[in-house]
Each structure stands twice: as structure tokens, then as C-alpha cells.
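What follows is a set of notes on a single structure, which appears directly below.
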Amino acid sequence: MANTFGNSYGLTTLCPIINGRHNNTALDKITRRRIQLLKENSASPFARIPNTYFARLFILNDVFFEQGNDVARDHLKSKYLVFTSNFHGDLDTYLSGMWQHAEAEIRHIWQHAVAFNNVQNEKDFIAYIKKCQLTTSLFFNGSTDDTLQDQLKSLYIKQAFTEFALTHQGKTAAQLRAAFNQFIRQVDIHNPVSPAWSPGQETLSDLNPLQQR
Amino acid sequence: MNRPLDLDDIQGNICKGYGRYGFPKARYFFLQFHTPDQGRRCLHQLIPLITNAEPWAADGDSPLKPDVTTNIAFTYAGLEALGLPQRSLNGFPGEFRMGMKSRADILGDNGPSAPEHWDPVWQGEGIHAWVSINGRDMDAVETRFSVIRGIISDTGGVSIRPGHRGADNTLLPWQDASAVYENGKVTPKEHFGYVDGIGNPYFEGCGNDPSRLPGRGKLNKEGQWQPLATGEFILGHVDEAQEYPLAPEPHLLAHNGTFMVYRKLHENVTTFHHYVDSVAQDFDGSRELLMAKFSGRWPDNGAPLTLAPDDEAKAALDQQLASLTEKADKGDACAAAQLKALKDQWIDFTYADDKHGSRCPIGAHIRRANTRASLETQKGAFNTPSALDDRRRLLRRGLPYGGGQKEASDATEQGIIFMCLGASIERQFEFIQQQWINYSNDFHLGNDKDVLIGSNNGRLTDKHIIQTQPKSGKAPFFCSHLPRMVETRGGDYFFIPSITALNMIAQGIIDPT
Amino acid sequence: MSNVAGKAYGMNVLTPLRWWTALWQKLIFWVVVKTFPYFLKGLLTLSLIHYARWTIINRWSFPRLDKTQPKETLTYSYMLFESNFNGSWDQYIDSFSFAIPGGLDMFWRWNIKYPKSIPLHDFYHYIRFNQIECDHYYNAYPLASANDVKSAKRLTGNLRSFADSLTDNMTDEAFMDAYRQFLADNQHALGSMGDSPLMSTSHQLVQHHKQVNTAHEKQPEEEA
Ligand code: HEM
């Protein structure tokens, strides 16, 4: 119904975890531990997966009881690995990219998910995730639906140009013009790949090479 | 609608900015209670001196205006030291319990403002109570101070914590504060040279003249000014969220009390003036205009930039002001009325006609600290125009300190004892300080910070944008490399109990059971 | 575990609704989508959210992938709300519920025991009570808020057109005028970039522990 908003996609999946134990540890606990120990930001596997704006993993242990004697008490029979992602593009391409760039982590994280042992390849993975997918009722995009590369390039330009504008206030017209032309070449303004911010980047880009004009 | 407040139960500094009532001198000092019982006994003796919020009048039922006022407030450690039950202590909000030092990284108290550089009085533990004396003159303050010192030495087990840095690096057992004087006359200025103390919220039941409402209240859907809910500033009353603010138990402990932030903010006057001088050389406008573009108000008379956005307009305004004043002084009633209407515009304004900040920059101090409905960038988008502001207002109760030297410099002692009051330190003061002073996402200005009090570090991108009229062909002006103009030199979070609660704390009968 | 990644806060809230009112709720969302942006004007103006979504999980539609997996037998359907916004819930709850109380009430209209967004403490606790923490939260641009991403897009687009519009035969002065005009047109996109303000002292503690853990993990390697 509303998984998409323009070119952005909101993927919601609930992947049941096998009710079992391994070496005396419940499989959901093993899974939780694994996702908690994933490296973060630029070291997160999601940083390698093309076009991921935001993604998250958590374990749904049970549903909540809203308390009172006028409310039924539900319980889940399985625990679920919840994987959600906000990305640019269509689902198949995204999931292919996921498998291609993070197969090892995917196998590690989903190892104890129900029926995941049948997943042998990219195609299986795509089919698997689609089986776990829920349709979003309302997807709100308060940002943009550009490719991640475009977003990251723009952020780099914003950082670099702001600094350019500050550095060159008060320059003569000729100086400014020369510097500006050089700036535009250096930031390679039509090149979406480089220079740009990198996915998950935690510190500002070093603009020193630009500054030495 | 709340019923009238029990002003005789509310401490006076909550409802009155004493500076405005002719008390230009103040002394603040801090008590340590060594045993709960002695602390309570001392407090018991002090209570008769505490000033409440009843209006002062020359005659009639109301009390006369005194020569001196006294108020008292406690840190979390202080309430603990006075033996408040744990259950009551547990009900205080987290940030108050942690105290200001532990909130340093929320507040931007880093570098030269980091707690390890604060005045010695703030090092270690043991700040339990804040006592303030405001006086018409220093004699009145001194007299009251010796009375209190007498009480303290009589009861024993209570000490005044020393270690406030004073002139010439001396350490004093108190912090004196004073309005800035020019040629022997009191001015409303602070040490950078700005007129201060104009904007302050108007709330239901505050006891202030209703003519003060426009520009100080909140804006309803129809764009009219209304008093803010009492509960934004006083505990035990309904707030803007149609509920009672978070408060400890029992009710009587919190009711009619509030929280206070105390911060000693040092002003690096040399840094400030050097920066202004150097930037003014490239700036298209006077030095005064530049200063105004930092704060949002003209330094000399506090006229808001929304009223006079450039030198020309300011000159015209000054002329108008002078001529109306002259006529009014001669008894021209019409001119007097016009003068009053003009002066009302000092406070009764919004940024509705200044979306781009070409008059008052979006990052100017007063536009950050009180956004006056300007965050509703699309008309009608929010529940009310000032929906994002009404929960973030501050009652400011500060005074300048130091100064008076021949040659003021960064090294000499001067600044503002900044005090602000509100029902939630976290939601009001901390939010403003962190999100609006030291950050700008809500203004769509990224990580820019306040020029005057932001935790800037002189880097290229520590900057302020003086916006321009979009199609004017003029470029915006960037003030980059902003230095740290103001440094924190100490402070803490305090609870100001009602008179009733003070008595109960002194009796030791606060019982949340 | 952390709900924080740079300037973004990742919130998950799971709340029950009666299976048939879940259908009403879906209808509401359908209307919101069809009339976009009418009901979302407040949220857009607030401009704190990168991406958010409301997903109704019918009580019969929890994924079941294998016969060995026990079938869920639930009384209620559920709504999963997922948001990526700037600032923490504690910091910005007042902004959300003051700016758009009607919108929030509409989006949770049919949820069991939803207290309405005003008074605020009940709403705050309702969300917190039903919140599920992220075990792993990834943000492609920890240094950028949604406002930063949007203004960067505008600025870059404009800068490209501006650069492309320049010609070799224009005078320096003409360039200067055009440049000034460019700055004026883009003055609201020139905020400095930088780190997120600290969302809480608790989060600061967690960051510190993680650093200690990493340092600790590295040591044996260095010794070897
Ligand atoms: C040394 C430190 C400071 C200086 C020099 C300073 C200066 C000023 C000046 C010149 C004004 C304009 C006069 C007026 O409207 O009353 C002002 C207003 C104001 N300041 Fe400050 N200030 C300082 C610290 C702070 C702090 C720490 C805060 C809060 C975080 C703050 C919040 C406000 C508010 C709320 C207003 C009134 C804005 C309005 O209602 O329009 N100030 N300040």
C-alpha cells in the first residue's frame, strides 16, 4: 500500500526465530547478542549496503500488555528478529545489494531464523525477506528520496561550500572568481562518487587539500 | 483559568525581578549544613527574613517596599543534608538531582568553561543552599548580611562556603553583584555594553501589571497575546500541557515552589571588543549595528532590530524618541501616549515580517532564546503559532557582577550572575542552552551557535550569519572564527520552596507517607 | 544497544488495536496518503523526522515460515511505529505533542489505551511503555539532521546550476554580483556542519563504555 514514497522505500520485516537452544543458550539470545555486537556507523555492515539511509535490527520478545481488567493479554509464540530499512530504490535491487555486500553478516545474523537454512543464495534471500515483509500503512518521508550517493555528495558540498564562503568573504572579484572556479573543479561537483562523505562517516571531511589554494 | 496565586506563600524572586524594582545591589552566598538538625534550626531563624511575592504598595493592605530582600533555595545535596526523607528526594527531577556540574556536556561547559576551571567554591561537594540579598544600596545589603551571619554563627553547624573569585583574584566568601553604573547612575546594561533585562515571560497570576502582557506572553491561534500557564514557572499549578509539572511528594513540599539555575558567566570583554572591532571593518554598517546583529537589540537603548533594522532606521527612531520625549516632558499628553506606544514596541513584537532574518538575524541571541512563534515557518502548521516556544520560556533573574575597574579586560572579573527560574530545568533552561544557544537545527542553521554565549572556539566554522533580504543583491555577512566570549565560572541547580515548605523543612515534618 | 546514531534517534513502538479497528486505522492512513500533505503539514514544518512509518500487523499476518513454527493466536492486531528523528524523545516530546497534537491523536486513534497527546506525561509514558529498543541502529549520515540533508540538496543543486551558468566572457564584477546573489539565495543552507548535541548523559556513559571495550579488545592483539 505505502511501502514507498517517491524513490524511497520503507522495508519492514519480522523474521521468526526458532524456539530452541544452542549450547544451553536460547537462539533469540544468541541472535540478540550478535546484532548488539555489530560494529557501528561506518563499520556497520549497512554502510556497505548500497543506498541504505537508515536501518535497524532488534528482537521482538513479546507484545505488550496494556494493563487493566478490560484488556486481553496476548503473547507471541515466537520471538522475532525485526529488520527494517529506509533506502533508495526498489526492493529487489536493495536486497541483492545486501546479499552481495554483506552475505557473511546476513548468514550470521539470520542463522537461527525459522527456515533460513533454506537460504542458499541471493535469490533465496530476496524471497525469504519478502515472506517476512509487512506492508507499511503510512510511510512518511521528511527528507529526500535521492540516491544515498547524491545525499552524501550534497552533504560534502554543503560542508565544503560553507567553508569556502567563509574563507573568501571580502576577497576581490578576481580572486574570488579564480578561487571559485578552482573550488568547483576540486569538489568535482557533477561527480556523485568522489569527493563525498562516505556512508556512516562520523567526523567531518578533511578539507585541507581544498583549503590550500 | 487558575485562581489568584497565594503570593504571600511564594518567594519574591519568582515573581519579581528585583532589579526592576530599584534594587541594583545584590549579594549571593552559599551555605553548607554540617548536621541536619543545626541546618534546620538555622533555616528556622532565617525564615522571617525571607521576602515573599506580595505586591508592594505605598499604603493600604500591601506591605511596604523594603530596603532589602532575602531569598533562599537548595541544591539536591542540601535537601539531603537537611534530612528530607528519601521518598521525597526521589521525586525530584533527574537533572536537578545530578546538579549542574554533571550536566556540563549537555550545557556546552567545556574548554575554559569546564567545571575544573570554575571558582573554588564550586570544587568538591558541600553547596547546600543559596541565599540572596538584594538591596537598594550596598549598606542595606551589608546590614542584612551581618544579621544572617549572626544567625549562622549562633546556631552553629552551618558555614558559608568561601571561594568566589573577586577583583584582583582575591577569593571571597560571597558573590557580589551590581547593576552597571555610568557616571554614578544605574544603567540597565551588562558589561559588553548592551541594555539587558527587557524580555521576560508574563504568566497567569504573576501579579504584574497586565499592560506588560503583549510581547511577553504566548500567542494563541488568533495571534493574540495570552498569559503563559502558571505551571510553567511555579510547581503545583497547571502548565501549558494541561497538567501539573513533575514534582516531589508530598504536595506541600513542591506547591508554590520552583527550580532555579545559577550560573556565573564571565564576560571576556577584551575578546568581545577586539572581535567586534575587527569584524566591523568589513561590515557594511556601524559597530553598533554589528553588535545589534549579535544580540537582536541595539546596545544603547535596547530597541529591537525588528523595529530598526539598520543605521538609518535607528537614527530616525532615536530622533522620533527624542522629540516625543521632549514634548512629553513639556506636558504634551498626546506625545506621551505616542511615546508609550513606541516604547511598547520594544517588547511587543514577533518575527512574522522577518522570516529571512534580514532585520533580526535568525541566530541573534534574543531570537534564539525566545523564538516568538518564528518556528512555525508555515502559517497554521502547528496547534498555535508559539506551540514550540511555550514550554521553553525562562524567567530571568540575573544581575551583572564585577566591573568598575579602570581597564576591564578578559582577566578582570566581570560578567553576569545568570539566574533563571522555571518548573523544569531540563525542558526549559537546558533545552534552550543546548538546542537553541549551542545548536541550530530548529532554526535550520546546522551547528551554528550563539555569538555572545555559545561555546565557540575561534574556528572558521564557529560563525554567525547576518542574513540579507533575498532579492536585494546584497550578500549575507558571515562572522566567522567566533571566539569564546562568555565562560562559565560556576553554578548549580536549586529548588526554591514556598514559605510553607520552608517552614516544614525547618520543622523536619515533610512526610510523604 | 542504543537508539542513538549520530543526530538521529531510532524509535520503535508496538501497540495493540482491535482487529476491526485496525482496519479503521488503515483507512485513516489511506486518507492521509491520498490527501498528502494536508495532514502532515505540521510534521513537515516541524522538520525533525528523516523517515517514519506506521505499519499495521493484522493479528493473522505475523509471518509464519514453516509448519514447525507455532501459529500465533492473538486477540489484537498491532501497530508498529518506526521513526528516525533528530533529538531524543525526552528532548523533543514537547515539540511533537505541542505542534501536532491532533495529528498524533489521529495516528494512534484506535490503539488500546492510547491516552491522547495532551496531557503530556501520560502520552510520554504510553510511548515509553510500548517502546522497543534498537539492538543495532545504523544511520548513513550521523553528522546530518533531516534539515541538513534537505538544505544540502538544495544548495548543491543551486550550486551546480550557478556554476554551469557562469561563462568565461563575463566580467569579474558580473561574477561577483552573481555570486552575491547566489549567497543571498542560499543563506539558509549555509549552517555549519558538525556533531550531534549530546542526547543524554546516559548515552554519553554508553559511548564511554564502548570506547573502553574497544580499547580492551584491541590490547591482546597488540601484545600478540
Ligand atoms: C553573559 C551572558 C549573557 C549576555 C551578555 C546576555 C545578553 C542579553 C541581551 C543583551 C539581551 C537583550 C535584552 C533583553 O531582551 O532582555 C538578552 C535577552 C535574553 N537572554 Fe541573554 N545574555 C546572556 C546569557 C543568557 C543565557 C545563559 C540565557 C539562557 C540560556 C539567556 C537568555 C535570554 C533570554 C530568554 C532573553 C530574552 C529574549 C526575549 O524575550 O526576546 N541569556 N540577553
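Letters go in sequence order (proteins before strands), and every chain restarts at 1. All values reported here derive from a predicted model rather than from experimental measurement. Excluded from the calculations below are hydrogen atoms, water molecules and symmetry mates; all remaining heavy atoms, backbone and side chain alike, are included.
- Only the side chain of Phe478(B) has a heavy atom closer than 4.5 Å to any heavy atom of chain C.
- Of all the listed residues (Pro101(C), Ser47(C), Pro119(C)), the one sharing the greatest number of non-hydrogen pairs under 4.5 Å with chain B is Pro119(C).
- Here the CG atom belonging to Leu190(C) is positioned 9.0 Å from the CG atom belonging to Asp448(B), to the nearest 0.5 angstrom.
- The CZ atom of Phe382(B) lies 8.5 Å from the OG atom of Ser95(C); values are rounded to the nearest 0.5 Å.
- Using modelled atom types, one side-chain atom of Asn447(B) and one backbone atom of Asp195(C) make a donor-acceptor pair closer than 3.5 Å.
- Using a 4.5 Å cut-off between heavy atoms, Glu95(B) makes no contact with chain C at all.
- Interface check for chain C: of the options Glu240(B), Lys471(B), Met98(B), Arg392(B), the most heavy-atom pairs under 4.5 Å are formed by Arg392(B).
- Between the Gln378(B) side chain and the Thr45(C) main chain, no donor and acceptor come within less than 3.5 Å of each other.
- Listed by chain and residue number, nothing satisfies the salt bridge (charged side-chain N to carboxylate O under 4.0 Å, His left out) test with Asp105(B) (two or more places apart in sequence, or in another chain).
- By the 30° and 60° cut-offs, the orientation of the rings of His188(C) relative to His356(B) is parallel.
- Residue with the most contacts toward chain B among Asn86(C), Asp94(C), Leu198(C): Asp94(C) (heavy-atom pairs, distance under 4.5 Å).
- Only the backbone of Tyr244(B) comes within contact range of chain C, with heavy atoms under 4.5 Å apart.
- Between Arg427(B) and Asp90(C) there is no salt bridge, since none of the side-chain N atoms of the basic residue sits less than 4.0 Å from a carboxylate O of the acidic one.
- Per-residue heavy-atom pair counts under 4.5 Å with chain B were compared for Phe96(C), Phe123(C), Phe182(C), Tyr92(C), and the maximum is reached by Tyr92(C).
- What you find for Gly191(C) and Ile465(B) is that their closest heavy atoms are N-CD1, 4.5 Å.
- For Leu246(B), the parts sitting under 4.5 Å from any heavy atom of chain C are the backbone and the side chain alike.
- Interface remark: Gln204(C) contributes side-chain atoms only to the contact with chain B (heavy atom separation under 4.5 Å).
- Residue contact with chain C, scored on non-hydrogen atoms closer than 4.5 Å, is absent for Ser358(B).
- Residues of residues 34-43 of chain C that come closer than 4.5 Å to chain B, counting heavy atoms only, are Lys41(C), Gly42(C), ordered by residue number.
- Proximity to chain B at a heavy-atom threshold of 4.5 Å picks out Arg180(C) from residues 162-180 of chain C, in numerical order.
- No part of Ile93(C) comes within reach of chain B, as not one of its non-hydrogen atoms sits under 4.5 angstrom from that chain.
- Taking His444(B), Glu376(B), Gln469(B), Gln242(B) one by one and counting their heavy-atom pairs under 4.5 Å with chain C, the maximum is reached by His444(B).
- Looking at Leu143(C), neither its backbone nor its side chain comes within 4.5 Å of chain B, counting heavy atoms on both sides.
- Of the possible donor and acceptor atoms, one in the side chain of Glu243(B) sits under 3.5 Å from a partner among the backbone N and O of His121(C).
- Contact check for Leu46(C) versus Leu388(B): side-chain heavy atoms found under the 4.5 Å cut-off.
- Contact residues of residues 147-156 of chain C toward chain B are Asn147(C), Asp148(C) (heavy-atom distance under 4.5 Å).
- Residue Lys113(C) places its NZ atom among more than 12 non-hydrogen atoms of other residues, nucleotides or ligands, all under 6.0 Å distant.
- By the 4.5 Å heavy-atom criterion applied to side chains, Asn383(B) and Ile100(C) are not counted as neighbours.
- Most heavy-atom pairs under 4.5 Å with chain C, from the set Ala241(B), Gly108(B), Ala387(B): that is Ala241(B).
- The environment of His251(B) atom NE2 is sparse: at most 12 non-hydrogen atoms of other residues, nucleotides or ligands sit within 6.0 angstrom.
- Judged purely by atom type and a 3.5 angstrom limit, Ser192(C) uses its side chain to pair as donor or acceptor with the backbone of Thr461(B).
- The candidate from Gly94(B), Ser440(B), Ala381(B), Gly446(B) with the greatest count of non-hydrogen atom pairs under 4.5 Å with chain C is Ala381(B).
- Ranking Arg103(B), Lys449(B), Gln435(B) against chain C, the residue ahead of the rest is Gln435(B), based on heavy-atom pairs under 4.5 Å.
- Listed here is the closest heavy atom pair of Asn441(B) and Ser145(C): OD1-OG, 2.7 Å.
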Apply side-chain hydrogen bond (donor to acceptor under 3.5 Å, both in side chains) to Gln434(B) and Gln91(C), showing your working.
CA-CA 10 Å; Gln434(B) 186 186 31; Gln91(C) 288 167 325; 3.0 Å; yes
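- Heavy atoms of Ser117(C) lying under 4.5 Å from chain B are absent altogether.
- In terms of heavy-atom proximity, Asp185(C) sits nearest to Pro470(B) at OD1-O, 3.8 Å.
- Heavy atoms of Pro197(C) lying under 4.5 Å from chain B belong to its backbone as well as its side chain.
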